[in-house]
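Whatever order the structure lists them in is the order used to number ligands and atoms, beginning at 1. Note that the numbering runs from 1 along the sequence shown for the chain. The basis for the numbers below is simple: all heavy atoms, side chains too, and nothing from hydrogens, waters or symmetry mates.
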Amino acid sequence: MAAGEWIYIDGEFFPKDEAKVSVFDHGLLYGDGIFEGIRAYNGHVFKLDKHIERFFNAARAISLVLPNSIEEIKEIVLESCRKNGIHDGYIRLVATRGKGDLGLSPSKCPKATIFCIAATISLYPPEFYKSGLKVITAVQRRNRATIIDPQIKSLNYLNNILARIEADNRGAPEALMLTEEGLVAECTGDNIFIIKDKCIWTPPIHLGILDGITRSTVIALAEKKGYEVQEKAFTLYNVYSADEVFLTGTAAELIAVTEIDGRVIGDGTAGPVTMELLGAFKEHTKGEGAKI
Ligand code: PXG
């Protein structure tokens with residue numbers, strides 16, 4: 001069975017060509033909804049509890065009443081994996097405001113829609129994990145938390161997409177985004193870490209970034225290895241002059257950045273701390289998660 005063949009929508013599985021939501025769904029009309037991107041490794045859904053907790057927190061933040069309980073949604077994710085024969089893969093869980101009319105108000109949307117796609121993921125080629133990524137800083141600034149909080153993993157990703165277009169135009173696979181004040185925030189789909197003299201820094205959540213699940217996993221793994229990890233604000237100067245820079249995310253896992261805005265980081269290859277933490281992360285993914 002090919003992965004991603006059976007899509008869960010509101011209580012039923014549909015073959016992928018028949019998996020459809022309404023054009024009146026406010027997820028489509030207004031980007032009114034939330035999502036999670038989740039990995040399965042070795043027959044287990046990685047950090048499922050954390051993803052579902054973030055999903056419910058986001059739902060609460062946007063006043064979206066989910067039609068299922070926490071336990072039911074975990075089971076939707078696991079059943080989607082079983083139905084699609086997923087052992088290693090990528091799961092997209094989405095909740096939209098549901099079908100409404102052509103007005104903004106969610107009061108006309110009686111019921112949220114939930115769907116879940118369990119498929120495979122196209123990864124960066126393995127050699128990128130040694131050579132590292134070339135990243136650019138986007139002109140597009142990250143949304144302010146006072147406008148749309150980046151902690152809400154909402155269906156409105158245009159802010160990130162505009163930055164990703166800049167990366168595409170400049171031949172880079174990722175773009176770094178700054179806050180309006182010019183502090184380093186995060187990339188379009190990844191959190192950022194820098195290392196200087198063995199100290200690890202990553203921007204704090206309140207700056208206006210996603211509270212990444214890979215980010216907190218890597219902080220815990222680094223601290224267990226005896227590194228000091230500081231959540232603190234820093235500027236591009238600190239990135240350009242770092243010994244090592246790496247990104248974390250469900251899709252990218254943990255990957256070095258070896259060039260940013262034309263500046264070579266370290267010796268231009270993935271550094272020793274990055275490689276050590278990548279090893280620890282890989283090891284951690286093998287034994288963690290909810291059994292499919
Ligand atoms: N920041 C942003 C803005 C994200 O969207 C992360 C950080 C990393 O968070 P996690 O919890 O995954 O460690 C994300 C999540 C993709 C893709 O196709 C990536 C994300 C979301 C959606 C799609 O690369 N990254």
Side-chain angles (χ1 to χ4, degrees), residues 4 27 31 33-41 45-58 77 89-95 115-125 128 133 135 137-138 140-145 147-168 172-179 183-193 202-222 229 231 245-255 257 277-278 281-282 284-285 288-289:
I34 54 171
F35 76 102
E36 282 295 321
I38 310 171
R39 281 291 273 275
Y41 294 102
V45 178
F46 187 63
K47 306 278 174 194
L48 180 60
D49 291 354
K50 292 277 174 223
H51 282 283
I52 302 305
E53 188 186 328
R54 188 168 68 183
F55 193 64
F56 272 80
N57 285 339
V77 170
Y90 184 71
I91 302 137
R92 179 63 58 92
L93 174 67
V94 180
F115 63 86
C116 185
I117 306 166
T120 49
I121 182 167
S122 61
L123 303 165
Y124 287 127
F128 277 35
L133 301 180
V135 167
T137 303
Q140 175 71 45
R141 296 297 169 106
R142 191 74 177 100
N143 279 336
R144 290 185 87 89
I147 312 292
I148 298 176
D149 197 319
Q151 286 190 77
I152 302 167
K153 214 163 154 50
S154 85
L155 294 184
N156 200 318
Y157 250 54
L158 203 48
N159 179 225
N160 311 51
I161 290 165
L162 291 176
R164 184 64 74 93
I165 290 169
E166 293 185 49
D168 291 348
E174 245 303 7
L176 177 60
M177 300 183 78
L178 308 177
T179 65
L183 298 169
V184 172
E186 62 178 337
C187 291
T188 67
D190 302 290
N191 292 112
I192 185 167
F193 288 74
T202 194
I205 304 301
H206 70 76
L207 223 56
I209 62 169
L210 185 74
D211 187 355
I213 289 168
T214 320
R215 174 186 180 278
S216 37
T217 303
V218 168
I219 291 174
L221 290 171
V229 183
E231 297 181 58
V245 176
F246 66 83
L247 310 181
T248 62
T250 295
E253 301 179 312
L254 192 163
I255 192 158
V257 174
L277 294 177
L278 174 60
F281 182 78
K282 286 264 182 215
H284 185 62
T285 59
E288 204 285 338

Please answer whether the main-chain N or O of Lys47 pairs with a side-chain N or O of Glu288 as donor and acceptor at a distance below 3.5 Å.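 Yes: the side chain of Glu288 pairs with the backbone of Lys47.
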How does Arg142 reach ligand 1, by side chain, by backbone, by both or by neither, if only non-hydrogen atoms under 4.0 Å count?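 Just the side chain.
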Using heavy atoms and a threshold below 4.0 Å, how should the contact between Thr214 and ligand 1 be classified: side chain, backbone, both, or neither?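 It is both backbone and side chain that touch ligand 1.
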Note the single closest protein heavy atom to atom 16 (C) of ligand 1, along with its residue, its atom name and the distance in Å.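 Scanning the protein heavy atoms, the shortest distance from atom 16 (C) of ligand 1 goes to Ala251 CB, 4.2 Å.
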Starting from atom 6 (C) of ligand 1, find the nearest protein heavy-atom neighbour and note its residue, name and distance.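 Here the nearest protein heavy atom works out to Gly189 O, 3.4 Å.
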Less than 3.5 Å between some nitrogen or oxygen of Thr250 and one of ligand 1, yes or no?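 The answer is yes, given that Thr250 and ligand 1 share an N or O pair closer than 3.5 Å.
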Minimum side-chain heavy-atom gap [X]-[Y] below 4.5 Å:
X: His51; Y: Thr250; answer: yes
X: Ile34; Y: Ile152; answer: yes
X: Leu178; Y: Arg141; answer: yes
X: Arg215; Y: Thr202; answer: yes
X: Glu36; Y: Val77; answer: no
X: Tyr124; Y: Leu133; answer: yes

With respect to atom 17 (C) of ligand 1, which of Tyr157, Tyr90, Phe46, Phe35 exhibits the smallest heavy-atom separation?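 Ranked by closest heavy atom to atom 17 (C) of ligand 1, first place is Tyr90.
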Any idea which atoms of ligand 1 are less than 4.0 Å away from a heavy-atom of [X]?
X: Arg92; result: 22 (C), 23 (C)
X: Asn160; result: 3 (C)
X: Arg54; result: 11 (O)
X: Glu186; result: 1 (N), 2 (C), 3 (C), 7 (C)
X: Gly212; result: 9 (O), 10 (P), 11 (O), 13 (O)
X: Lys153; result: 5 (O), 15 (C), 20 (C), 21 (C), 22 (C), 25 (N)

Below 4.0 Å from ligand 1: does a non-hydrogen atom of Ile121 turn up there or not?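 It does not, in that no heavy atom of Ile121 comes within the 4.0 Å cut-off of ligand 1.
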For the residue pair Phe246 and Phe193, does the interplanar ring angle fall in the parallel (under 30°), tilted (30 to 60°) or perpendicular (over 60°) class?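 Parallel, since the angle between the ring planes stays under 30°.
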Going by the salt bridge (charged side-chain N to carboxylate O under 4.0 Å, His left out) test, which pairs reach into residues 148-167, not counting sequence neighbours?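 For residues 148-167: Arg164-Glu174.
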